[in-house]
Every structure is written in C-alpha cells, then in structure tokens.
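Shown next, in structure tokens, is the structure this report addresses.
These numbers come from the heavy atoms of this one structure, side chains and all, not from hydrogens, waters or symmetry mates. Reminder, nothing fancy here: chain letters follow the sequence lines and each chain counts from 1.
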Protein chains: 2
Amino acid sequence: MAGNPERPSPMAEHSLPEHIADELRRDILRGKLVPGAQIKERDNAAEMGVSRTPMREAIRILAQEGLVVLRPARSPLVADPPFDEIADQVVVLLALEKLSGDLACQHATQDDMDRVRAVADRFETTFYTADRLASFETDMEFHTAIAAASRNRALAETHRAYLARLWRIRYLTSRRRRNRATVLDQHAAILDALLKRDRVAVGAALDTHLGTLTEDIRQLFITEET
Amino acid sequence: MAGNPERPSPMAEHSLPEHIADELRRDILRGKLVPGAQIKERDNAAEMGVSRTPMREAIRILAQEGLVVLRPARSPLVADPPFDEIADQVVVLLALEKLSGDLACQHATQDDMDRVRAVADRFETTFYTADRLASFETDMEFHTAIAAASRNRALAETHRAYLARLWRIRYLTSRRRRNRATVLDQHAAILDALLKRDRVAVGAALDTHLGTLTEDIRQLFITEET
DNA sequence: AAGAAGATTTTGGTATACCAAAACCTGTTG
DNA sequence: CAACAGGTTTTGGTATACCAAAATCTTCTT
C-alpha cells in the first residue's frame with residue numbers, strides 16, 4: 001500500500017482511469033516500464049492504491065494507443081514493435097500531418113496560425129535548455145497545433161493517437177539526433193510555408209521533416225541491434 | 001433475464017466484450033438503437049444476460065469507434081454527429097484510402113490484387129440482388145481489401161476504424177443513391193487503375209468515388225432536415 | 001397553481017469476490 | 001539426470017456489492 005491513501009471522490013472531472021493511464025504512460029516513456037515488460041493489473045493496481053477495475057480500463061486506453069499489447073488470458077505487455085511496424089506508423093503519421101497542413105492552409109483562422117507560431121517560438125527558446133523532456137513535449141505540441149489548425153476534429157484526434165503511439169520512439173530519437181539544429185530549421189520551414197498558406201510548400205517541408213524522422217528511427221534500431 | 005442462460009466459459013477465443021460490441025453495433029446499424037438513444041449499461045447488460053463489467057467494456061469499444069459518445073457521469077448515447085463532423089471524417093477516410101491505394105500500387109502482392117478483384121467481382125454479382133445489406137457489406141469489403149493491399153498494418157487498422165465509424169451513414173446513403181450504377185463504374189475505375197499500379201489514376205478514381213459519397217451524405221442530411 | 005427544497009430513485013464509477021485457464025513448482029519415474 | 005504428471009499458485013475475466021452524483025419525484029410554501 002504505497003499509494004496515496006486518500007480515496008478520491010467518484011465522478012471526478014478527469015476520470016480516474018485516465019489519470020492512471022497518464023501515470024503508466026509516463027512510466028513507459030520515461031523507461032521505468034521497458035518494452036516487453038509485463039503489466040500485471042493486480043500488482044500495478046495495488047501499487048497505485050486503486051482497485052483493478054480502473055486499472056483495467058487504463059490499460060485498455062494504453063492498448064488503444066498502441067503503447068501496450070493485450071494477449072488473451074495473459075498479462076498485457078509494454079509494446080515493443082519491430083522497426084517495420086513503426087515505419088508503417090510513421091508513414092501514416094506523415095500522411096495525417098500533410099493532410100493537416102493542407103487543410104490548415106485552407107481553413108485555419110489567424111488565431112490558429114498565431115498559436116502555431118507561438119509554440120514554434122517557445123520550442124526555439126526551450127530547445128537549448130537542459131530539460132530535454134520539456135523541449136520534446138513542445139516539439140510534439142508544435143505538430144499538435146498544426147493538426148488543430150486543420151479545423152478537422154476527427155483528423156486532430158487520429159493524429160493525436162498516432163503521436164501518442166510514436167511518443168516513446170520519437171523521444172528516444174530526439175536525444176540522439178546527430179544534427180539537432182536541423183529540427184529548428186525544419187520547423188521554421190514548415191511554419192513559414194504554413195503562414196504563407198502555401199499548400200505545396202507545407203507538404204514538402206513536412207516530407208523533409210518526417211523523412212529525417214524515419215531515418216533517425218532506423219539508426220536507433222541499428223545501434224540498438226534489436 | 002431474457003438472455004441465454006448458458007454461462008460461456010471464460011477466456012474464450014473471441015472475448016465476451018467484443019461479442020457484445022458486435023451485437024450492439026448491429027443494433028445501431030440496423031436502427032434498433034437510433035442515434036441519440038441512451039445506452040444504460042445496467043439494462044442492456046441484463047437484457048443480454050451478462051454483467052455490467054463486460055458491457056462496460058463493449059461500450060468503450062464502440063465509443064472508441066465513434067459509434068457511441070461517453071458523457072461524464074451520464075448514460076452513454078448512440079452517436080448522432082452533425083453533418084460537419086461526418087464530412088470531416090469522410091475527408092480523413094478519403095486521405096487514408098488514397099494513401100492505401102498509393103501504397104498498394106507500390107507494395108501489393110499479386111495475391112492482394114487478386115483478392116481486390118475477387119471482391120469487386122462479387123460486389124458486381126450481389127449488386128442487383130435483393131439483399132441490400134449483403135451488397136453493402138461487400139462494398140465495404142472492397143475498400144477494406146484495398147487497405148489490406150497497402151501492406152501497412154497501421155493504415156489498415158485506422159482505415160477499418162473510420163469505416164466502422166461511417167458504416168451507418170454509408171449504409172443509409174447506399175439505399176438512396178440516385179444513380180446506383182455509378183458505384184459500379186467507380187469501383188471498376190478504381191480496380192482498373194489499381195491493377196495497372198497507376199498511382200495517379202488510383203488517387204483520381206478514389207477522389208471521384210468518395211466525392212460522390214460526400215454529396216450523397218449532404219443530400220441525406222438535407223432531406224432528413226436534421 | 002407555480003416554484004423551490006428535500007427525499008427518493010436511477011445510474012455510472014469503484015471495490016471486491018469468485019472462477020477457470022495458464023503458468024509454475026515439485027515430486028516421481030524411466 | 002531428464003522428462004513428465006500432478007497439484008498449487010498466479011492471473012486475467014466476470015459477477016456482484018457499494019458509493020456518490022445526477023435526475024426525478026414529492027411535497028410544502030407562497
């Protein structure tokens with residue numbers, strides 16, 4: 001019973017399962033739960049001081065996001081997808097992001113554009129600070145802002161799901177990017193094209209950006225010798 | 001207790017929640033559960049002779065698919081999205097399907113192509129039979145076969161999710177399509193381009209096909225005066 | 001008669017108990 | 001000593017009990 005003893009009142013605004021899912025997600029991304037590890041709902045629930053029911057639901061949420069895999073009648077595992085599978089997901093993510101950029105050029109309000117620019121600026125300032133995680137999260141926020149600017153809720157939601165699924169691997173690549181300055185340049189190019197509402201240029205810039213991502217991931221897998 | 005009395009043994013191959021979800025999905029698509037209706041987990045669970053736990057999970061599955069919406073501390077509802085939201089989803093579906101076609105041109109095996117052709121043939125034969133539902137399901141199978149031919153599992157899965165979400169509305173439009181023969185022509189065009197592995201032509205054919213879908217949906221909303 | 005305050009019911013969220021299948025341990029046997 | 005059979009433990013799946021928030025109904029007041 002290492003968990004917090006105070007029993008939260010039911011029907012909270014942000015549900016308990018989501019809170020648990022957030023917790024587990026952080027554990028996975030931070031590496032406390034390594035890929036391939038078992039997630040036993042009894043133990044984890046006890047450790048967090050909650051019952052199995054919300055823990056179950058939290059695990060389902062993460063399974064939906066692709067961070068854990070469910071096996072029939074067996075403990076769920078932290079996902080450990082092979083390179084090909086991740087590459088496939090990156091392809092889809094790229095398509096979603098290009099669609100986002102394209103739609104944003106057509107439908108984004110000035111407010112949307114301003115928000116994207118603001119996040120890009122913030123990314124630039126946090127880029128050289130020590131907090132890698134904060135910088136990375138701002139990076140993700142940049143892409144999320146573009147998806148939001150598409151003014152297509154379904155697209156933004158699906159994009160968010162893919163981003164979550166690739167979160168960990170992107171975090172791993174972000175700390176070993178050979179030329180980290182390229183990221184800044186690429187973001188600048190995307191932002192520039194977006195502000196001009198140049199659909200072709202946006203597509204090209206995103207192609208470049210996520211193309212290097214695929215290459216980075218490949219390198220990561222090679223050095224890890226998975 | 002109108003449900004079947006035999007208690008199925010746990011750990012079945014196809015889990016109970018999925019089975020319940022299938023049941024509910026059919027009820028929604030067939031119109032037994034109309035959009036906007038409440039889904040009370042207690043009542044529905046009792047009606048199907050299962051407990052609330054698997055019913056809950058089934059409802060989450062459908063929520064994930066977008067067929068039902070969850071409200072905090074309230075009964076889930078059968079989704080009843082406004083036109084704009086559905087239009088947004090169709091835009092994403094179109095993008096996914098164009099990506100599928102594009103990748104299929106590059107990576108599909110001959111077997112994949114044969115399967116697509118087989119489904120297209122089957123659709124043509126069932127098209128004029130009385131069973132609208134069977135014909136419609138074959139139509140959906142055609143699009144699923146293309147997604148499978150992309151050889152991208154993530155893409156196929158996301159595509160499947162969107163297809164499920166739009167299942168009902170597409171079923172409704174399929175029975176009021178003004179010129180039903182166009183569908184056959186459009187499918188033929190898609191198949192033709194696909195077999196030639198002509199990426200541009202596939203994209204164009206899919207644009208046409210799903211363009212008419214959007215128009216059909218718009219008409220449906222106008223006549224329904226939602 | 002209309003509105004508000006309080007009691008009751010309904011309902012989803014959570015905790016817990018029980019079951020069977022899978023995994024694990026152990027003692028026996030060839 | 002290896003391999004297998006049996007029982008024990010572990011674990012996820014399901015059912016059920018309980019709780020509090022929301023909704024609904026009741027009744028009292030104006």
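What separates CD1 of B:Ile20 from P of D:dG13 is a distance of 13 Å, to the nearest Å. Counting to the nearest Å, the P atom of D:dG13 and the CD atom of B:Glu57 are 7 Å from each other. In this structure, CD1 of A:Ile59 is placed 7 Å from P of D:dG12, rounded to the nearest angstrom. Between the C1' atom of C:dT14 and the CD atom of A:Glu18 lies a distance of 16 Å, rounded to the nearest Å. Rounded to whole angstrom, the span from the NZ atom of B:Lys40 across to the C1' atom of D:dA22 amounts to 13 Å. As a whole-Å value, the separation of B:Asn44 CG from C:dT10 P is 17 Å. Atom CE in B:Met48 sits about 12 Å away from atom P in D:dT14, given to the nearest Å. Between the CG atom of B:Leu16 and the C1' atom of C:dA20 there is a distance of 14 Å, rounded to whole Å.
In this structure, the nucleotide among C:dA15, D:dA15, D:dT14 sitting nearest to the side chain of A:Ser51 is C:dA15. For B:Arg52, whose side chain is taken as the heavy atoms from C-beta onward, the closest listed nucleotide among D:dT14, D:dT11, C:dT14 is C:dT14. When distances are taken from the side chain of A:Arg56 to each of D:dT11, D:dT14, C:dG13, the shortest belongs to D:dT14. Residue B:Arg42 places its side chain closer to D:dC19 than to any other of C:dT14, C:dA22, D:dC19.
To the nearest 0.5 angstrom, A:Ile146 atom CD1 is 12.5 Å from A:Leu99 atom CG. The CD1 atom of A:Ile217 sits 6.5 Å away from the CG atom of A:Leu166 when rounded to the nearest 0.5 Å.
With hydrogens and angles ignored, the 3.5 Å screen pairs a side-chain donor or acceptor of B:Thr214 with a backbone N or O of B:Leu210.
In this structure, B:Ser75 does not reach the C:dT11 phosphate: none of its side-chain N or O atoms is under 4.0 Å from OP1 or OP2.
Positionally, the nearest nucleotide of DNA chain C for B:Arg60 lies more toward the 5' end than for the other of A:Arg74 and B:Arg60. Looking at which nucleotide of DNA chain D each of B:Val50 and A:Asp43 is closest to, the 5′-most match is held by A:Asp43.
Aromatic pair A:His209/A:His187: centroids less than 6.0 angstrom apart.
Counting non-hydrogen atoms under 4.0 angstrom, A:Thr53 reaches a base of the nucleic acid. As judged by a 4.0 angstrom heavy-atom cut-off over every strand, A:Leu70 is placed among residues making no nucleic acid contact.
Interface remark: the A:Arg71 side chain does not form any donor-acceptor pair with the D:dG12 base, using a distance-only criterion of under 3.5 Å.
Within a 6.0 Å sphere centred on CZ of A:Arg153, other residues, nucleotides and ligands contribute 12 heavy atoms or fewer.
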